[in-house]
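First the structure, in the form of structure tokens, and then the observations on it.
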Amino acid sequence: FEPRWCVEFAPRRRGIPRACLATVMRSLRPWRYWRRVKMSHRVRAGRLAAYLLLLLAGLYVLFCLSQGARAWDQWWERTHDPTFSTSSVGGTKLVIHAMLLPFSDRSLGSATYTRLRRWPGGGLLTRSYRAPGRFASSWTEEAAAAAFCGVFFAACPLVFLALPASRRRAKVRWGHIMRITAHGGSYVAIAAVIILVSGTVRRLETSPWWSRNVLAAAEAPVFIVLCAALGLWWAAAIRAYLRMEHGRAVTAAVLTTAFFAACAILFKTHPTFIVMPLSRLLFPT
């Protein structure tokens, strides 16, 4: 019996969005999840692609909302400055522009301030509003964390290329591995949501100071928990779904290889993300 709550086996196409939400929620219990989804169930590649596209679309919408919130934050901050005089653009227009064109490098207008000191041009100072594209380029730390999670998860299925004999004995096809990878996209999506929400709140000038401190302190534990969740997902899939021989050894090989591959790529793209934690661990003083 196919689980109808799964996005692959939803009876109607209009029920796919609801099935996507159910798949994400049930994937948080990986052992029970893979006892319900069997290798005998036919792999539906189209549904898996739709699932990943819907997850990406949801993340893009959330990113657009984040850009809009930051645009409103800078407009509110500048218009509530005691020296604020006039603005050439309204906050609503800035927010709509940031949400519809989150990677735009165009600034729509400027704000004028009156200073007590004498300034060239009649004591007035004009500053342009930052474009949404400059917001997008400031996600350096979050981009490193997202890159590590993405590379780690993408490298896990590639490790099976080095295990042809184990795959043949367990009758594992590439469609089964593709199913594990696609369904596990929920973990990457959850990680991206946490990164977007945390990064947005930390960058808003109007957010309370205590929220920034709490989020900064929770970054490392949350990142460790997400990496452990990805590892548990693959461990449950290998042992409960694929039922491969020497499941623990296969799981250790897959996770270890993927972890070091992610560290190597991240060291190439974002070296400080690897060097700084190691230096703090080796030299705590």
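All heavy atoms count here, side chains included; hydrogens, waters and symmetry mates do not. Throughout, residue positions are numbered sequentially from 1 according to the sequence presented. Only a predicted model underlies this, so the values are computations on that prediction, with no experimental measurement involved.
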Check: [Y] main-chain N/O paired with [X] side-chain donor or acceptor under 3.5 Å:
X	Y	answer
Arg35	Pro30	no
Arg47	Val7	yes
Asp73	Leu204	no

For this session: For Val89 and His97, run side chain to side chain contact (heavy atoms under 4.5 Å, CB included): C-alpha distance rounded to whole Å, both residues' side-chain angles, the deciding distance at 0.1 Å, then the answer.
Result: CA-CA 11 Å; Val89 63; His97 175 253; over 6 Å; no
What I'd like to find out is whether the side chain of [X] reaches to under 4.5 Å of the side chain of [Y], using heavy atoms alone.
X	Y	value
Trp75	Val95	no
Val37	Tyr33	yes
Phe153	Cys227	no
Thr206	Glu77	no
Arg26	Arg36	no
Pro3	His41	yes
Leu65	Leu196	no
Arg130	Ser107	no

Rounded to the nearest 0.5 Å, what separates atom [atom1] in [X] from atom [atom2] in [Y]?
X	Y	atom1	atom2	value
Asp81	Trp76	CG	CH2	10.5 Å
Leu242	Arg173	CG	CZ	11.0 Å
Leu163	Arg168	CG	CZ	11.0 Å
Leu226	Ile195	CG	CD1	7.5 Å
Gln67	Arg134	CD	CZ	12.5 Å
Thr181	His176	OG1	NE2	12.5 Å

Exercise. Parallel, tilted or perpendicular: which fits the ring planes of Tyr51 and His183, with parallel below 30° and perpendicular above 60°?
Worked result: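 Rings of Tyr51 and His183: perpendicular, over 60°.
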For this session: Fit a plane to each ring of Phe152 and Phe259, take the angle between them on a 0 to 90° scale, and name the class: parallel (under 30°), tilted (30 to 60°) or perpendicular (over 60°).
Result: perpendicular
State yes or no: do [X] and [Y] share one hydrophobic cluster built from I, L, V, M, F, W and Y residues joined by side-chain heavy-atom distances below 4.5 Å, directly or via other members?
X	Y	value
Met99	Ile96	no
Leu230	Val159	yes
Leu161	Leu255	yes
Trp5	Trp34	yes
Leu48	Val24	no

If we ignore angles and hydrogens, is there a donor and acceptor under 3.5 Å between the side chains of [X] and [Y]?
X	Y	value
Tyr129	Ser87	yes
Ser85	Thr112	no
Ser66	Thr200	yes
Arg70	Ser138	yes

Problem set entry | Working for side chain to side chain contact (heavy atoms under 4.5 Å, CB included), residues Arg239 and Arg248 | CA-CA 8 Å; Arg239 301 185 63 185; Arg248 293 182 179 178; 3.5 Å; yes
Problem set entry | From Lys171, Arg169, Arg167, residue fulfilling salt bridge (charged side-chain N to carboxylate O under 4.0 Å, His left out) relative to Glu245 | Arg169
Exercise. Looking at Arg44 and Glu2, does any basic side-chain N land under 4.0 Å from a carboxylate oxygen?
Worked result: yes
Strictly under 6.0 Å, is that where the ring centroids of [X] and [Y] end up?
X	Y	answer
Phe63	Phe103	yes
Trp31	Tyr241	no
Phe160	Trp174	no

If every non-hydrogen atom of [X] is compared with every non-hydrogen atom of [Y], which pair is closest and at what distance?
X	Y	answer
Ala229	Tyr187	CB-CE2, 3.6 Å
Pro157	Ile177	CB-CG2, 3.5 Å
Val254	Cys156	CG1-O, 3.7 Å
Leu55	Ser186	CD1-N, 4.0 Å
Ala136	Pro102	CB-O, 4.2 Å
Met244	Val250	SD-CG1, 4.2 Å

For this session: Decide yes or no on side chain to side chain contact (heavy atoms under 4.5 Å, CB included) for Glu8 and Thr23, but give the supporting numbers first.
Result: CA-CA 9 Å; Glu8 284 191 71; Thr23 301; over 6 Å; no
Problem set entry | Greater than 12 external heavy atoms within 6.0 Å of Lys93's NZ | no
Exercise. Taking everything shown except Phe260 itself, do over 12 heavy atoms lie less than 6.0 Å from its CZ?
Worked result: no
For this session: Report yes or no: is the cationic atom of Arg203 (NZ for Lys, CZ for Arg) closer than 6.0 Å to the six-membered ring centre of Trp139, at no more than 45° off its axis?
Result: yes
